[in-house]
Amino acid sequence: MTNRTDKSIIQARNIEKIYPNGCHALKNVSLDINRGEVVVIIGPSGSGKSTFLRTLNQLETISDGTIHIDEVSLTDRKTNINKVREEVGMVFQSFNLFPHKTALGNVALSPIKVKKKPRAVAEQEGRELLKKVGLAERMNNYPSHLSGGQQQRVAIARALAMHPKIMLFDEPTSALDPEMVGEVLDVMKSLASDGMTMVVVTHEMGFAREVADRVVFMEDGELVFEESPERFFSSDNPRLQRFLGQVL
Amino acid sequence: MEKQSHLLLWKAVFVLIIIGLGFGIYAGSKSIDYTWRWERIPQYIINTEATTVRSPFDGTATIEKGNKLVVTSDYGDDPLVIKKFDNLLVNNGDLVFEGDPLVEVESWNIGPLTWGLVMTLQLSVVSLVFAVVIGLFAGLARISTNPALRYLSVTYIELIRGTPLLVQIFIFYFFIGTVLDLDRFTAGVAALSVFTGAYIAEIVRSGIQSISPGQMEAARSLGMNYVQAMVNVILPQAFKRTLPPMAGQFINLIKDSSLVSVISITDLTKAGREVVSSTFAPFEVWFAVALMYLVLTGGLSWAIQRLEKRLSASD
(Lines give C-alpha, C1' and ligand atoms only; values in the text may rest on other atoms or scores of the structure.)
Protein backbone atom coordinates (compact mmCIF):
# COMPACT_ATOMS: atom_id res chain seq x y z
CA MET A 1 0.00 0.00 0.00
CA THR A 2 1.62 3.22 -1.14
CA ASN A 3 -0.99 5.65 0.05
CA ARG A 4 -1.02 4.43 3.65
CA THR A 5 -0.70 7.37 5.97
CA ASP A 6 1.12 7.02 9.27
CA LYS A 7 -1.83 8.30 11.23
CA SER A 8 -4.43 5.85 9.97
CA ILE A 9 -5.28 3.24 12.58
CA ILE A 10 -8.07 1.70 10.51
CA GLN A 11 -7.68 1.23 6.78
CA ALA A 12 -10.56 -0.41 4.98
CA ARG A 13 -10.07 -0.70 1.23
CA ASN A 14 -12.57 -1.83 -1.40
CA ILE A 15 -14.63 -3.94 0.98
CA GLU A 16 -17.14 -6.26 -0.67
CA LYS A 17 -19.57 -8.36 1.29
CA ILE A 18 -21.84 -10.81 -0.48
CA TYR A 19 -23.91 -13.15 1.68
CA PRO A 20 -24.36 -16.78 0.57
CA ASN A 21 -27.98 -15.94 -0.29
CA GLY A 22 -26.72 -13.43 -2.87
CA CYS A 23 -27.43 -10.29 -0.86
CA HIS A 24 -24.80 -7.68 -1.75
CA ALA A 25 -24.36 -5.95 1.63
CA LEU A 26 -21.20 -3.89 1.02
CA LYS A 27 -20.16 -2.50 -2.34
CA ASN A 28 -16.60 -1.27 -2.69
CA VAL A 29 -16.48 0.52 0.67
CA SER A 30 -13.20 2.26 1.54
CA LEU A 31 -12.60 4.27 4.70
CA ASP A 32 -9.48 5.39 6.55
CA ILE A 33 -9.76 6.43 10.17
CA ASN A 34 -7.04 8.26 12.02
CA ARG A 35 -5.85 7.70 15.55
CA GLY A 36 -8.05 9.59 18.01
CA GLU A 37 -10.69 10.35 15.40
CA VAL A 38 -14.42 9.97 16.07
CA VAL A 39 -16.28 8.81 12.96
CA VAL A 40 -20.05 8.58 12.93
CA ILE A 41 -21.76 6.41 10.31
CA ILE A 42 -25.37 7.16 9.49
CA GLY A 43 -27.75 5.83 6.93
CA PRO A 44 -31.12 4.13 6.52
CA SER A 45 -31.61 0.63 7.94
CA GLY A 46 -30.30 -2.04 5.62
CA SER A 47 -27.66 0.33 4.25
CA GLY A 48 -24.82 -1.91 5.44
CA LYS A 49 -23.50 0.42 8.13
CA SER A 50 -23.69 -2.18 10.92
CA THR A 51 -22.28 -4.83 8.60
CA PHE A 52 -19.36 -2.56 7.78
CA LEU A 53 -18.73 -1.89 11.48
CA ARG A 54 -18.77 -5.59 12.21
CA THR A 55 -16.20 -6.32 9.52
CA LEU A 56 -13.75 -4.12 11.43
CA ASN A 57 -13.38 -6.81 14.14
CA GLN A 58 -14.26 -9.66 11.81
CA LEU A 59 -17.55 -10.57 13.45
CA GLU A 60 -18.51 -10.35 9.78
CA THR A 61 -16.04 -11.79 7.26
CA ILE A 62 -15.53 -9.93 3.99
CA SER A 63 -15.79 -11.31 0.47
CA ASP A 64 -13.14 -9.05 -1.04
CA GLY A 65 -10.92 -6.10 -0.16
CA THR A 66 -8.45 -5.49 2.68
CA ILE A 67 -8.72 -4.23 6.24
CA HIS A 68 -5.73 -3.14 8.31
CA ILE A 69 -6.11 -2.41 12.00
CA ASP A 70 -3.00 -0.70 13.35
CA GLU A 71 -0.96 -2.07 10.42
CA VAL A 72 -2.21 -5.64 10.98
CA SER A 73 -4.06 -7.16 8.04
CA LEU A 74 -7.31 -8.87 9.02
CA THR A 75 -7.50 -10.79 5.78
CA ASP A 76 -4.08 -12.38 6.30
CA ARG A 77 -4.60 -16.00 7.33
CA LYS A 78 -1.65 -15.78 9.72
CA THR A 79 -3.23 -12.97 11.74
CA ASN A 80 -4.52 -14.09 15.15
CA ILE A 81 -7.94 -12.46 15.07
CA ASN A 82 -8.35 -12.85 18.86
CA LYS A 83 -5.29 -10.63 19.40
CA VAL A 84 -6.77 -7.99 17.09
CA ARG A 85 -10.11 -8.13 18.90
CA GLU A 86 -8.37 -7.40 22.20
CA GLU A 87 -7.46 -4.02 20.68
CA VAL A 88 -10.92 -3.34 19.24
CA GLY A 89 -13.71 -2.96 21.79
CA MET A 90 -17.30 -3.28 20.66
CA VAL A 91 -20.59 -2.08 22.13
CA PHE A 92 -23.79 -3.65 20.84
CA GLN A 93 -27.30 -2.35 20.33
CA SER A 94 -28.71 -5.07 22.62
CA PHE A 95 -25.93 -4.70 25.27
CA ASN A 96 -25.17 -8.46 25.28
CA LEU A 97 -24.05 -8.41 28.89
CA PHE A 98 -23.37 -11.84 30.36
CA PRO A 99 -26.50 -12.43 32.47
CA HIS A 100 -24.85 -14.96 34.80
CA LYS A 101 -22.20 -12.45 35.95
CA THR A 102 -22.52 -9.31 38.05
CA ALA A 103 -21.64 -5.95 36.53
CA LEU A 104 -18.15 -6.28 37.98
CA GLY A 105 -17.96 -9.92 36.83
CA ASN A 106 -18.81 -8.82 33.30
CA VAL A 107 -16.07 -6.20 33.29
CA ALA A 108 -13.40 -8.41 34.88
CA LEU A 109 -14.09 -11.64 32.95
CA SER A 110 -12.07 -10.99 29.83
CA PRO A 111 -9.00 -9.47 31.53
CA ILE A 112 -8.89 -12.56 33.77
CA LYS A 113 -9.46 -15.17 31.07
CA VAL A 114 -7.77 -13.58 28.06
CA LYS A 115 -5.08 -11.36 29.52
CA LYS A 116 -4.53 -13.75 32.46
CA LYS A 117 -4.57 -10.92 34.98
CA PRO A 118 -4.88 -11.93 38.65
CA ARG A 119 -8.51 -11.65 39.79
CA ALA A 120 -7.75 -8.97 42.38
CA VAL A 121 -6.03 -6.75 39.81
CA ALA A 122 -8.77 -7.22 37.21
CA GLU A 123 -11.49 -6.46 39.76
CA GLN A 124 -9.70 -3.36 41.01
CA GLU A 125 -9.45 -2.07 37.44
CA GLY A 126 -13.07 -3.07 36.87
CA ARG A 127 -14.21 -1.07 39.91
CA GLU A 128 -12.40 2.01 38.61
CA LEU A 129 -13.94 1.64 35.14
CA LEU A 130 -17.44 1.22 36.60
CA LYS A 131 -16.82 4.30 38.72
CA LYS A 132 -15.83 6.14 35.56
CA VAL A 133 -19.15 5.28 33.86
CA GLY A 134 -21.04 6.26 37.01
CA LEU A 135 -21.94 2.81 38.30
CA ALA A 136 -19.85 2.56 41.47
CA GLU A 137 -22.98 1.75 43.47
CA ARG A 138 -24.23 -1.01 41.22
CA MET A 139 -21.21 -3.16 40.52
CA ASN A 140 -22.51 -6.19 42.39
CA ASN A 141 -25.87 -6.14 40.60
CA TYR A 142 -26.73 -8.70 37.95
CA PRO A 143 -27.67 -7.27 34.51
CA SER A 144 -31.32 -8.22 35.06
CA HIS A 145 -31.39 -5.76 37.96
CA LEU A 146 -30.01 -2.84 35.92
CA SER A 147 -31.84 -0.41 33.63
CA GLY A 148 -31.05 -0.38 29.93
CA GLY A 149 -28.89 2.72 30.22
CA GLN A 150 -26.98 1.18 33.12
CA GLN A 151 -26.50 -2.06 31.21
CA GLN A 152 -25.13 -0.21 28.21
CA ARG A 153 -22.68 1.70 30.44
CA VAL A 154 -21.52 -1.61 31.94
CA ALA A 155 -21.05 -2.88 28.37
CA ILE A 156 -18.85 0.15 27.60
CA ALA A 157 -16.82 -0.45 30.77
CA ARG A 158 -16.49 -4.12 29.82
CA ALA A 159 -15.06 -3.22 26.41
CA LEU A 160 -12.72 -0.63 27.96
CA ALA A 161 -11.37 -3.21 30.42
CA MET A 162 -9.30 -4.75 27.61
CA HIS A 163 -7.62 -1.34 27.06
CA PRO A 164 -8.62 -1.21 23.39
CA LYS A 165 -7.13 1.25 20.92
CA ILE A 166 -10.40 1.47 19.02
CA MET A 167 -14.02 1.39 20.17
CA LEU A 168 -16.83 0.35 17.83
CA PHE A 169 -20.40 1.33 18.74
CA ASP A 170 -23.23 -0.45 16.92
CA GLU A 171 -26.35 1.70 17.49
CA PRO A 172 -25.61 1.88 21.23
CA THR A 173 -28.72 3.93 22.09
CA SER A 174 -31.29 2.43 19.72
CA ALA A 175 -32.63 -0.09 22.24
CA LEU A 176 -32.88 2.45 25.07
CA ASP A 177 -35.84 4.31 26.48
CA PRO A 178 -35.51 8.01 25.51
CA GLU A 179 -34.71 9.17 29.05
CA MET A 180 -31.68 6.86 29.20
CA VAL A 181 -30.07 7.87 25.92
CA GLY A 182 -28.38 10.89 27.49
CA GLU A 183 -26.43 8.99 30.15
CA VAL A 184 -24.92 6.65 27.53
CA LEU A 185 -24.08 9.49 25.13
CA ASP A 186 -22.40 11.36 28.00
CA VAL A 187 -20.10 8.41 28.64
CA MET A 188 -19.31 8.24 24.93
CA LYS A 189 -18.58 11.97 24.81
CA SER A 190 -16.16 11.76 27.72
CA LEU A 191 -14.50 8.81 26.00
CA ALA A 192 -14.12 10.89 22.83
CA SER A 193 -12.60 13.76 24.77
CA ASP A 194 -10.08 11.32 26.27
CA GLY A 195 -8.84 10.81 22.72
CA MET A 196 -10.26 7.35 22.03
CA THR A 197 -10.59 6.33 18.38
CA MET A 198 -14.28 5.66 17.89
CA VAL A 199 -16.47 4.42 15.07
CA VAL A 200 -20.13 4.95 15.89
CA VAL A 201 -23.16 3.74 13.99
CA THR A 202 -26.08 5.78 15.30
CA HIS A 203 -29.24 7.67 14.53
CA GLU A 204 -28.36 10.37 17.09
CA MET A 205 -27.78 13.34 14.79
CA GLY A 206 -27.07 15.57 17.78
CA PHE A 207 -24.18 13.34 18.82
CA ALA A 208 -22.84 13.33 15.25
CA ARG A 209 -22.98 17.12 15.05
CA GLU A 210 -21.44 17.66 18.45
CA VAL A 211 -18.77 14.97 18.84
CA ALA A 212 -17.86 13.58 15.42
CA ASP A 213 -14.75 14.59 13.56
CA ARG A 214 -16.23 13.09 10.43
CA VAL A 215 -19.65 11.87 9.43
CA VAL A 216 -20.13 9.09 6.88
CA PHE A 217 -23.35 8.44 4.99
CA MET A 218 -24.06 4.95 3.69
CA GLU A 219 -26.93 3.75 1.53
CA ASP A 220 -27.56 0.43 -0.26
CA GLY A 221 -24.18 -0.94 0.79
CA GLU A 222 -22.30 2.00 -0.65
CA LEU A 223 -20.35 4.71 1.13
CA VAL A 224 -22.06 7.71 -0.45
CA PHE A 225 -20.55 10.64 1.29
CA GLU A 226 -18.09 11.61 4.05
CA GLU A 227 -17.54 15.07 5.45
CA SER A 228 -16.89 17.06 8.62
CA PRO A 229 -20.13 17.58 10.56
CA GLU A 230 -20.55 21.24 9.60
CA ARG A 231 -20.26 20.57 5.89
CA PHE A 232 -22.10 17.26 6.18
CA PHE A 233 -25.30 18.68 7.58
CA SER A 234 -25.30 21.63 5.19
CA SER A 235 -24.56 19.48 2.14
CA ASP A 236 -26.96 19.46 -0.79
CA ASN A 237 -26.21 15.86 -1.83
CA PRO A 238 -29.67 14.64 -2.96
CA ARG A 239 -29.44 11.15 -1.42
CA LEU A 240 -28.31 12.60 1.90
CA GLN A 241 -31.02 15.26 1.73
CA ARG A 242 -33.67 12.61 1.21
CA PHE A 243 -32.44 10.62 4.23
CA LEU A 244 -32.09 13.64 6.52
CA GLY A 245 -35.54 14.74 5.47
CA GLN A 246 -36.88 11.45 6.75
CA VAL A 247 -35.11 11.35 10.11
CA LEU A 248 -35.00 15.00 11.16
CA MET B 1 -61.60 -15.39 51.02
CA GLU B 2 -63.96 -17.11 48.55
CA LYS B 3 -60.95 -18.13 46.44
CA GLN B 4 -59.04 -19.55 49.39
CA SER B 5 -61.87 -21.79 50.54
CA HIS B 6 -62.10 -23.11 46.99
CA LEU B 7 -58.39 -23.97 47.03
CA LEU B 8 -58.83 -25.71 50.36
CA LEU B 9 -61.70 -27.72 48.91
CA TRP B 10 -59.60 -28.93 45.99
CA LYS B 11 -56.75 -29.88 48.34
CA ALA B 12 -59.25 -31.92 50.33
CA VAL B 13 -60.34 -33.60 47.07
CA PHE B 14 -56.70 -34.51 46.40
CA VAL B 15 -56.30 -36.07 49.86
CA LEU B 16 -59.55 -37.99 49.42
CA ILE B 17 -58.45 -39.39 46.05
CA ILE B 18 -55.13 -40.54 47.53
CA ILE B 19 -56.90 -42.18 50.48
CA GLY B 20 -59.32 -43.80 48.04
CA LEU B 21 -56.47 -45.20 45.96
CA GLY B 22 -54.78 -46.54 49.09
CA PHE B 23 -57.99 -48.18 50.17
CA GLY B 24 -58.42 -49.64 46.69
CA ILE B 25 -55.01 -51.31 46.92
CA TYR B 26 -55.83 -52.58 50.42
CA ALA B 27 -59.21 -53.96 49.35
CA GLY B 28 -57.68 -55.50 46.25
CA SER B 29 -55.06 -57.31 48.29
CA LYS B 30 -57.76 -58.59 50.67
CA SER B 31 -59.86 -59.94 47.82
CA ILE B 32 -57.07 -62.18 46.47
CA ASP B 33 -56.41 -64.05 49.70
CA TYR B 34 -52.77 -63.04 50.05
CA THR B 35 -51.00 -63.15 53.40
CA TRP B 36 -48.82 -60.10 53.79
CA ARG B 37 -45.51 -60.85 55.48
CA TRP B 38 -43.85 -57.48 55.75
CA GLU B 39 -41.80 -58.75 58.68
CA ARG B 40 -39.75 -60.85 56.26
CA ILE B 41 -38.49 -57.85 54.30
CA PRO B 42 -36.21 -55.92 56.71
CA GLN B 43 -33.73 -58.79 57.05
CA TYR B 44 -32.99 -58.46 53.33
CA ILE B 45 -32.12 -54.81 53.84
CA ILE B 46 -30.08 -55.12 57.04
CA ASN B 47 -29.76 -57.97 59.57
CA THR B 48 -27.73 -59.22 62.53
CA GLU B 49 -27.17 -62.78 61.37
CA ALA B 50 -24.42 -64.53 63.31
CA THR B 51 -21.31 -65.67 61.51
CA THR B 52 -19.47 -68.75 62.75
CA VAL B 53 -15.72 -68.71 63.32
CA ARG B 54 -14.11 -72.09 62.65
CA SER B 55 -10.81 -73.51 63.81
CA PRO B 56 -8.03 -73.21 61.25
CA PHE B 57 -6.08 -76.19 62.64
CA ASP B 58 -6.23 -79.17 65.06
CA GLY B 59 -5.58 -78.18 68.70
CA THR B 60 -6.91 -77.58 72.19
CA ALA B 61 -9.37 -74.87 73.22
CA THR B 62 -8.82 -73.07 76.53
CA ILE B 63 -10.92 -70.30 77.98
CA GLU B 64 -8.85 -67.78 79.83
CA LYS B 65 -10.10 -65.18 82.26
CA GLY B 66 -11.76 -62.16 80.77
CA ASN B 67 -13.69 -64.46 78.40
CA LYS B 68 -10.86 -65.00 75.98
CA LEU B 69 -10.76 -68.14 73.83
CA VAL B 70 -7.31 -69.44 72.95
CA VAL B 71 -6.77 -72.38 70.62
CA THR B 72 -3.26 -73.86 70.82
CA SER B 73 -2.14 -75.75 67.76
CA ASP B 74 -0.96 -79.34 67.84
CA TYR B 75 1.62 -78.60 65.18
CA GLY B 76 3.25 -75.50 66.62
CA ASP B 77 1.30 -72.87 64.63
CA ASP B 78 0.73 -69.51 66.32
CA PRO B 79 -2.19 -69.86 68.76
CA LEU B 80 -5.55 -68.42 67.70
CA VAL B 81 -6.91 -65.81 70.14
CA ILE B 82 -10.55 -64.66 69.96
CA LYS B 83 -11.42 -61.87 72.36
CA LYS B 84 -14.93 -60.90 71.30
CA PHE B 85 -17.79 -63.26 70.57
CA ASP B 86 -21.48 -63.71 71.32
CA ASN B 87 -21.95 -67.48 71.57
CA LEU B 88 -19.33 -69.95 72.74
CA LEU B 89 -19.61 -73.34 71.00
CA VAL B 90 -16.74 -75.21 72.77
CA ASN B 91 -15.91 -76.02 76.39
CA ASN B 92 -12.70 -75.37 78.26
CA GLY B 93 -10.14 -78.05 77.41
CA ASP B 94 -11.98 -79.43 74.36
CA LEU B 95 -10.00 -80.98 71.58
CA VAL B 96 -10.88 -79.25 68.31
CA PHE B 97 -10.17 -80.29 64.76
CA GLU B 98 -9.67 -78.17 61.70
CA GLY B 99 -13.04 -76.75 60.59
CA ASP B 100 -14.81 -77.18 63.91
CA PRO B 101 -17.05 -74.28 64.90
CA LEU B 102 -15.59 -72.29 67.81
CA VAL B 103 -17.73 -69.22 68.42
CA GLU B 104 -20.53 -67.22 66.84
CA VAL B 105 -20.07 -63.54 66.28
CA GLU B 106 -23.14 -61.38 65.75
CA SER B 107 -22.68 -58.35 63.60
CA TRP B 108 -24.66 -55.99 61.40
CA ASN B 109 -24.84 -57.42 57.92
CA ILE B 110 -26.02 -55.57 54.86
CA GLY B 111 -28.74 -57.53 53.14
CA PRO B 112 -28.98 -58.34 49.41
CA LEU B 113 -31.46 -55.54 48.69
CA THR B 114 -29.06 -52.97 50.11
CA TRP B 115 -26.20 -54.46 48.08
CA GLY B 116 -28.46 -54.16 45.05
CA LEU B 117 -29.13 -50.52 45.91
CA VAL B 118 -25.39 -49.87 46.22
CA MET B 119 -24.79 -51.53 42.85
CA THR B 120 -27.56 -49.48 41.23
CA LEU B 121 -26.06 -46.34 42.74
CA GLN B 122 -22.58 -47.25 41.47
CA LEU B 123 -23.89 -48.04 37.99
CA SER B 124 -25.87 -44.82 37.86
CA VAL B 125 -23.12 -42.53 39.14
CA VAL B 126 -20.39 -43.95 36.89
CA SER B 127 -22.72 -44.00 33.87
CA LEU B 128 -23.86 -40.47 34.64
CA VAL B 129 -20.33 -39.09 34.58
CA PHE B 130 -19.54 -40.77 31.26
CA ALA B 131 -22.95 -39.87 29.81
CA VAL B 132 -22.47 -36.18 30.62
CA VAL B 133 -19.00 -36.17 29.01
CA ILE B 134 -20.25 -38.03 25.92
CA GLY B 135 -23.38 -35.87 25.72
CA LEU B 136 -21.42 -32.62 26.05
CA PHE B 137 -19.04 -33.48 23.23
CA ALA B 138 -21.73 -34.99 21.00
CA GLY B 139 -23.91 -31.93 21.60
CA LEU B 140 -21.05 -29.56 20.71
CA ALA B 141 -20.21 -31.66 17.64
CA ARG B 142 -23.88 -31.55 16.63
CA ILE B 143 -23.72 -27.75 16.22
CA SER B 144 -20.17 -27.68 14.83
CA THR B 145 -19.57 -26.18 11.40
CA ASN B 146 -17.33 -29.14 10.56
CA PRO B 147 -19.47 -31.62 8.56
CA ALA B 148 -17.50 -34.69 9.72
CA LEU B 149 -18.18 -33.89 13.37
CA ARG B 150 -21.78 -32.91 12.71
CA TYR B 151 -22.68 -36.01 10.71
CA LEU B 152 -20.91 -38.29 13.21
CA SER B 153 -22.91 -36.77 16.02
CA VAL B 154 -26.22 -36.98 14.13
CA THR B 155 -25.55 -40.62 13.23
CA TYR B 156 -24.74 -41.47 16.84
CA ILE B 157 -27.83 -39.74 18.21
CA GLU B 158 -30.19 -41.25 15.65
CA LEU B 159 -28.76 -44.78 16.02
CA ILE B 160 -29.06 -44.72 19.80
CA ARG B 161 -32.44 -43.04 20.02
CA GLY B 162 -33.85 -45.33 17.35
CA THR B 163 -33.11 -48.63 19.10
CA PRO B 164 -34.35 -49.97 22.46
CA LEU B 165 -31.99 -49.81 25.43
CA LEU B 166 -32.54 -53.51 26.14
CA VAL B 167 -31.27 -54.42 22.67
CA GLN B 168 -28.29 -52.07 23.12
CA ILE B 169 -27.40 -53.73 26.42
CA PHE B 170 -27.40 -57.15 24.72
CA ILE B 171 -25.27 -55.83 21.87
CA PHE B 172 -22.82 -54.21 24.28
CA TYR B 173 -22.56 -57.30 26.43
CA PHE B 174 -22.61 -60.10 23.85
CA PHE B 175 -20.95 -58.47 20.85
CA ILE B 176 -18.79 -55.54 21.98
CA GLY B 177 -18.17 -57.20 25.33
CA THR B 178 -16.86 -60.31 23.59
CA VAL B 179 -14.75 -58.42 21.07
CA LEU B 180 -13.15 -56.13 23.65
CA ASP B 181 -13.30 -58.65 26.51
CA LEU B 182 -15.40 -56.44 28.81
CA ASP B 183 -16.74 -57.60 32.17
CA ARG B 184 -20.45 -57.27 32.96
CA PHE B 185 -20.16 -54.05 34.92
CA THR B 186 -18.13 -52.28 32.22
CA ALA B 187 -20.50 -53.46 29.50
CA GLY B 188 -23.49 -52.27 31.55
CA VAL B 189 -21.94 -48.88 32.24
CA ALA B 190 -20.94 -48.50 28.59
CA ALA B 191 -24.46 -49.30 27.35
CA LEU B 192 -26.12 -46.97 29.86
CA SER B 193 -23.76 -44.05 29.28
CA VAL B 194 -23.82 -44.31 25.50
CA PHE B 195 -27.64 -44.48 25.62
CA THR B 196 -28.08 -41.57 28.02
CA GLY B 197 -25.32 -39.58 26.26
CA ALA B 198 -27.42 -39.39 23.09
CA TYR B 199 -30.30 -37.79 24.95
CA ILE B 200 -28.00 -35.45 26.88
CA ALA B 201 -26.41 -34.42 23.55
CA GLU B 202 -29.79 -33.19 22.33
CA ILE B 203 -30.40 -31.36 25.63
CA VAL B 204 -26.95 -29.72 25.39
CA ARG B 205 -27.56 -28.73 21.76
CA SER B 206 -30.93 -27.15 22.48
CA GLY B 207 -29.48 -25.45 25.58
CA ILE B 208 -26.63 -23.88 23.62
CA GLN B 209 -28.88 -22.86 20.75
CA SER B 210 -31.27 -21.17 23.18
CA ILE B 211 -28.52 -18.70 24.16
CA SER B 212 -28.71 -15.57 22.01
CA PRO B 213 -25.95 -15.38 19.36
CA GLY B 214 -25.12 -11.91 20.75
CA GLN B 215 -23.54 -13.61 23.77
CA MET B 216 -21.02 -15.42 21.58
CA GLU B 217 -20.37 -12.23 19.59
CA ALA B 218 -19.81 -10.20 22.76
CA ALA B 219 -17.42 -12.81 24.14
CA ARG B 220 -15.49 -13.05 20.85
CA SER B 221 -15.36 -9.24 20.50
CA LEU B 222 -13.56 -9.16 23.86
CA GLY B 223 -10.77 -11.33 22.47
CA MET B 224 -11.91 -14.71 23.80
CA ASN B 225 -11.36 -17.66 21.49
CA TYR B 226 -14.17 -20.11 20.73
CA VAL B 227 -13.32 -22.46 23.61
CA GLN B 228 -12.95 -19.65 26.16
CA ALA B 229 -16.27 -18.15 25.07
CA MET B 230 -17.98 -21.54 25.30
CA VAL B 231 -16.55 -22.37 28.73
CA ASN B 232 -16.94 -18.94 30.35
CA VAL B 233 -20.03 -17.50 28.71
CA ILE B 234 -22.22 -19.94 26.77
CA LEU B 235 -22.03 -23.18 28.76
CA PRO B 236 -22.68 -21.67 32.23
CA GLN B 237 -25.88 -20.09 30.87
CA ALA B 238 -26.87 -23.20 28.95
CA PHE B 239 -26.19 -25.32 32.04
CA LYS B 240 -28.69 -23.33 34.06
CA ARG B 241 -31.33 -23.56 31.36
CA THR B 242 -30.89 -27.29 30.82
CA LEU B 243 -31.03 -28.29 34.48
CA PRO B 244 -34.74 -29.26 34.46
CA PRO B 245 -34.51 -31.56 31.39
CA MET B 246 -31.14 -32.88 32.67
CA ALA B 247 -32.76 -33.79 35.99
CA GLY B 248 -35.37 -35.79 34.09
CA GLN B 249 -32.66 -37.54 32.11
CA PHE B 250 -30.64 -38.39 35.23
CA ILE B 251 -33.74 -39.85 36.88
CA ASN B 252 -34.37 -41.88 33.71
CA LEU B 253 -30.80 -43.16 33.92
CA ILE B 254 -31.35 -44.47 37.47
CA LYS B 255 -34.53 -46.21 36.37
CA ASP B 256 -33.01 -47.51 33.11
CA SER B 257 -30.17 -49.06 35.10
CA SER B 258 -32.70 -51.72 36.19
CA LEU B 259 -32.44 -53.17 32.68
CA VAL B 260 -28.82 -54.26 33.16
CA SER B 261 -30.12 -57.03 35.41
CA VAL B 262 -30.60 -58.97 32.16
CA ILE B 263 -26.82 -59.39 31.89
CA SER B 264 -26.67 -60.70 35.47
CA ILE B 265 -25.50 -57.58 37.21
CA THR B 266 -26.97 -57.83 40.69
CA ASP B 267 -28.52 -54.38 40.85
CA LEU B 268 -31.56 -53.50 42.92
CA THR B 269 -33.99 -55.12 40.46
CA LYS B 270 -32.07 -58.39 40.20
CA ALA B 271 -31.61 -58.46 43.97
CA GLY B 272 -35.37 -58.03 44.25
CA ARG B 273 -35.95 -60.98 41.94
CA GLU B 274 -33.57 -63.14 43.97
CA VAL B 275 -35.23 -62.17 47.26
CA VAL B 276 -38.66 -62.95 45.78
CA SER B 277 -37.52 -66.45 44.89
CA SER B 278 -36.31 -67.10 48.43
CA THR B 279 -39.21 -65.47 50.31
CA PHE B 280 -42.18 -66.11 48.03
CA ALA B 281 -43.34 -62.63 49.02
CA PRO B 282 -43.32 -60.84 45.65
CA PHE B 283 -45.77 -58.10 46.59
CA GLU B 284 -43.82 -56.89 49.60
CA VAL B 285 -40.45 -57.18 47.86
CA TRP B 286 -41.48 -55.24 44.76
CA PHE B 287 -43.10 -52.53 46.85
CA ALA B 288 -39.89 -52.31 48.90
CA VAL B 289 -37.77 -52.18 45.73
CA ALA B 290 -39.97 -49.44 44.27
CA LEU B 291 -39.60 -47.46 47.48
CA MET B 292 -35.81 -47.80 47.35
CA TYR B 293 -35.75 -46.52 43.75
CA LEU B 294 -37.95 -43.63 44.87
CA VAL B 295 -35.46 -42.74 47.59
CA LEU B 296 -32.67 -42.52 44.97
CA THR B 297 -34.63 -40.54 42.39
CA GLY B 298 -36.30 -38.36 45.01
CA GLY B 299 -32.94 -37.49 46.56
CA LEU B 300 -31.51 -36.58 43.15
CA SER B 301 -34.55 -34.51 42.26
CA TRP B 302 -34.29 -32.63 45.54
CA ALA B 303 -30.56 -31.96 45.06
CA ILE B 304 -31.12 -30.54 41.58
CA GLN B 305 -33.94 -28.32 42.79
CA ARG B 306 -31.58 -26.94 45.42
CA LEU B 307 -28.98 -26.25 42.73
CA GLU B 308 -31.57 -24.55 40.53
CA LYS B 309 -32.52 -22.28 43.39
CA ARG B 310 -28.91 -21.35 44.03
CA LEU B 311 -28.31 -20.54 40.35
CA SER B 312 -31.40 -18.36 40.13
CA ALA B 313 -29.58 -15.53 41.97
CA SER B 314 -28.91 -13.76 38.63
CA ASP B 315 -32.54 -13.90 37.42
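Side chains are part of it too, since the values below use all heavy atoms of this structure and drop only hydrogens, waters and symmetry mates. Below, chains carry the letters A, B, ... as their sequence lines are ordered, and counting in each starts from 1.
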So, the part of B:Gln228 with a heavy atom under 4.5 Å from chain A: the answer is side chain

Who wins among B:Pro236, B:Gly223, B:Gly214 for the most heavy-atom pairs under 4.5 Å with chain A? B:Gly223

Please list all pairs passing the salt bridge (charged side-chain N to carboxylate O under 4.0 Å, His left out) test where one or both residues lie in residues 293-309 of chain B, with sequence neighbours left out. none

Under 4.0 Å between a Lys/Arg side-chain N and an Asp/Glu carboxylate O for A:Arg13 and A:Asp32? yes

Any side-chain heavy atom of A:Glu171 within less than 4.5 Å of one from A:Lys49? yes

Which value, rounded to the nearest 0.5 Å, describes the distance between B:Asn252 atom CG and B:Phe195 atom CZ? 8.0 Å

Engaged part of A:Arg54 at the chain B interface, taking heavy atoms whose separation is under 4.5 Å: side chain

Go through A:Asn80, A:Leu59, A:Asn57, A:Thr102 and name the one with the most non-hydrogen pairs under 4.5 angstrom from chain B. A:Leu59

Electrostatic pair B:Glu202:B:Arg205 at N-O distance under 4.0 angstrom: yes

Is it true that A:Glu86 and A:Lys83 have a side-chain N and a carboxylate O under 4.0 angstrom from each other? yes

Counting heavy-atom pairs under 4.5 angstrom with chain B, the leader among A:Leu109, A:Leu168, A:Asn96 is A:Asn96

Using non-hydrogen atoms only, which part of A:Phe98 is less than 4.5 Å away from chain B: side chain, backbone, both, or neither? both

So what's closer than 4.5 Å to chain B heavy atoms on A:Leu97: side chain, backbone, both or neither? backbone

